[in-house]
Protein chains: 2
Amino acid sequence: MALEHAILVSLLEQPGSGYELARRFDRSIGYFWTATHQQIYRVLKRMEGDGWIDVREVPQQARPDKKEYSVAAPGRAVLSAWLHEPIEPESVRHELAVKIRGAAFDDPAALIREVERHQQAHSDRLAHYLAGERRDFTGPEAPAALDAGQELQHVVLRGGIAYEQMTLAWLDDVLATLHRLGPER
Amino acid sequence: MALEHAILVSLLEQPGSGYELARRFDRSIGYFWTATHQQIYRVLKRMEGDGWIDVREVPQQARPDKKEYSVAAPGRAVLSAWLHEPIEPESVRHELAVKIRGAAFDDPAALIREVERHQQAHSDRLAHYLAGERRDFTGPEAPAALDAGQELQHVVLRGGIAYEQMTLAWLDDVLATLHRLGPER
DNA sequence: GCTTGCATGTAAGCGGTTACATGATTTT
DNA sequence: AAAATCATGTAACCGCTTACATGCAAGC
């Protein structure tokens with residue numbers, strides 16, 4: 001379980017409210033870890049109770065007040081301990097692969113549109129990642145020298161880009177295979 | 001939720017017991033969908049109750065009896081319906097990426113050994129996949145002509161291979177980045 | 001004698017998803 | 001007038017993980 005740790009990292013990068021965290025989990029952090037706001041609020045409350053994070057009530061004009069969370073010393077210690085702990089390499093969970101193997105017992109051609117939908121989605125994500133990379137790291141408005149945090153964010157983003165490119169190439173392969181199986185057999 | 005569907009696919013490919021299914025989920029199917037035997041037994045019971053699958057008691061000598069499950073007509077219908085339903089492209093959940101971003105607030109160099117461990121694991125998996133590909137699809141003992149089911153299994157396996165190769169290349173990138181950050185800063 | 005493999009389960013707990021709820025302000 | 005944004009929550013459910021449990025046979 002690493003939602004707590006993902007939140008700690010995100011709060012270290014930038015303190016913020018539960019709502020703001022939820023938005024980040026739809027963007028940068030969410031590229032490799034997802035969470036809904038309900039989850040985030042519950043975990044924030046527990047982390048606050050455990051003294052991992054501090055809260056500060058921030059009044060705002062023309063907007064509801066918000067609670068700004070920031071990482072406390074015990075939270076940093078928890079994160080550091082976790083960073084030094086080995087974790088198991090992820091096992092993939094790929095629903096589409098189940099579908100593809102299932103297509104052998106149905107009409108393979110029926111999957112073509114589904115695969116094309118996934119191509120579109122991954123292609124959109126790739127474009128989004130590349131735009132973010134240009135904006136923050138490689139474009140003309142990016143900082144000339146990056147600090148350690150930025151370098152690490154960049155290498156994670158490169159991982160996302162590589163993943164999407166690999167997936168798109170594989171989906172091409174899948175489509176070609178489905179087309180080969182479709183008409184003649 | 002697709003465990004039921006993964007089980008249906010696996011039982012269509014080859015009927016078998018809960019125990020056998022659990023072993024397959026450690027191998028072929030498990031490359032892209034994991035499940036423990038406890039989960040599998042529970043779901044099998046429910047699927048049997050719903051009439052999706054049939055059971056046959058198989059006595060064995062020198063071994064405990066087993067229940068061999070096979071897909072019934074309603075199960076095929078359920079699978080077919082699912083195959084025609086669109087699914088959302090997976091969102092990745094990559095704990096290591098959280099750790100890498102977290103390393104900005106700790107000692108980046110401490111992550112190097114962890115990344116090397118992951119390299120080893122992914123390298124092993126890749127070797128395993130490639131051996132399976134040679135055995136079943138490209139080697140001298142593989143069938144000359146593949147049927148649709150085998151073609152689809154092969155394209156899924158190619159996806160696993162591409163994933164591991166991409167991951168290994170990315171982990172090299174991560175290591176290089178950590179080494180760059182480590183000594184001087 | 002110990003471990004591994006075959007075979008099937010129960011029980012507890014928890015993380016995560018989905019649905020529901022509220023309320024003000026800004027934009028369309 | 002309606003929809004979207006900001007902001008925080010409660011409640012129910014369910015899938016999944018972990019731990020515990022049993023029992024026999026074969027191999028080291």
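These numbers come from a predicted model, not from an experiment.
Scanning for side chain to side chain donor-acceptor pair (under 3.5 Å) contacts around Glu20(B) gives Lys66(B), with sequence neighbours left out. For Tyr69(A), there are no side chain to side chain donor-acceptor pair (under 3.5 Å) partners at least two apart in sequence or on another chain. Take Ala109(B) and apply the side chain to side chain contact (heavy atoms under 4.5 Å, CB included) test, not counting sequence neighbours, and it matches Asp107(B), Ile112(B).
Of the residues listed (His128(B), Gln120(B), His122(B)), the one engaging Asp124(B) in a side chain to side chain donor-acceptor pair (under 3.5 Å) is Gln120(B), and it is the only one.
Between its two ends, the helix from dG1(C)-dC28(D) to dT28(C)-dA1(D) turns its axis by 40°, counting five pairs per end and rounding to 10 degrees.
The phosphate of dA7(D) (OP1 or OP2) has a side-chain N or O of Gln60(A) nearer than 4.0 angstrom. Here Tyr41(B) does not reach the OP1 or OP2 of dG9(C): none of its side-chain N or O atoms lies under 4.0 Å away. Arg46(A) has a side-chain polar atom (N or O) that falls below the 4.0 Å cut-off from OP1 or OP2 of dG15(C). For the OP1/OP2 pair of dT8(D) and a distance below 4.0 Å, the side-chain nitrogens and oxygens of Lys45(A) include no atom meeting the criterion. Residue Ser17(A) places at least one side-chain N or O closer than 4.0 Å to OP1 or OP2 of dT8(D). Using a 4.0 Å cut-off, no side-chain N or O of Tyr19(B) falls inside it from OP1 or OP2 of dT8(C). Of the side-chain N and O atoms in Gln39(B), none sit less than 4.0 angstrom from OP1 or OP2 of dG15(D).
For the pair Thr34(A) and Glu68(B), both in contact range of DNA chain C, the more 5′-proximal nearest nucleotide belongs to Glu68(B). Both Arg23(A) and Ala35(B) sit near DNA chain D, but only Arg23(A) has its closest nucleotide nearer the 5' end.
Pairs passing the side chain to side chain donor-acceptor pair (under 3.5 Å) check and including a residue from residues 47-63 of chain B, sequence neighbours excluded, read Arg56(B)-Glu68(B).
Under the 30°/60° scheme for interplanar angles, the aromatic rings of Tyr129(A) and Tyr31(A) are found to be tilted. Ring-plane geometry between Trp82(A) and His5(A) is classed as parallel, the angle between the planes falling under 30 degrees on a 0 to 90 degree scale with a further cut at 60.
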For nucleotides 19-23 of chain D, which of its nitrogen or oxygen atoms have a protein nitrogen or oxygen under 3.5 Å away, and what is each distance?
unit_1	atom_1	unit_2	atom_2	d
dA19(D)	N6	Gln38(B)	NE2	2.9

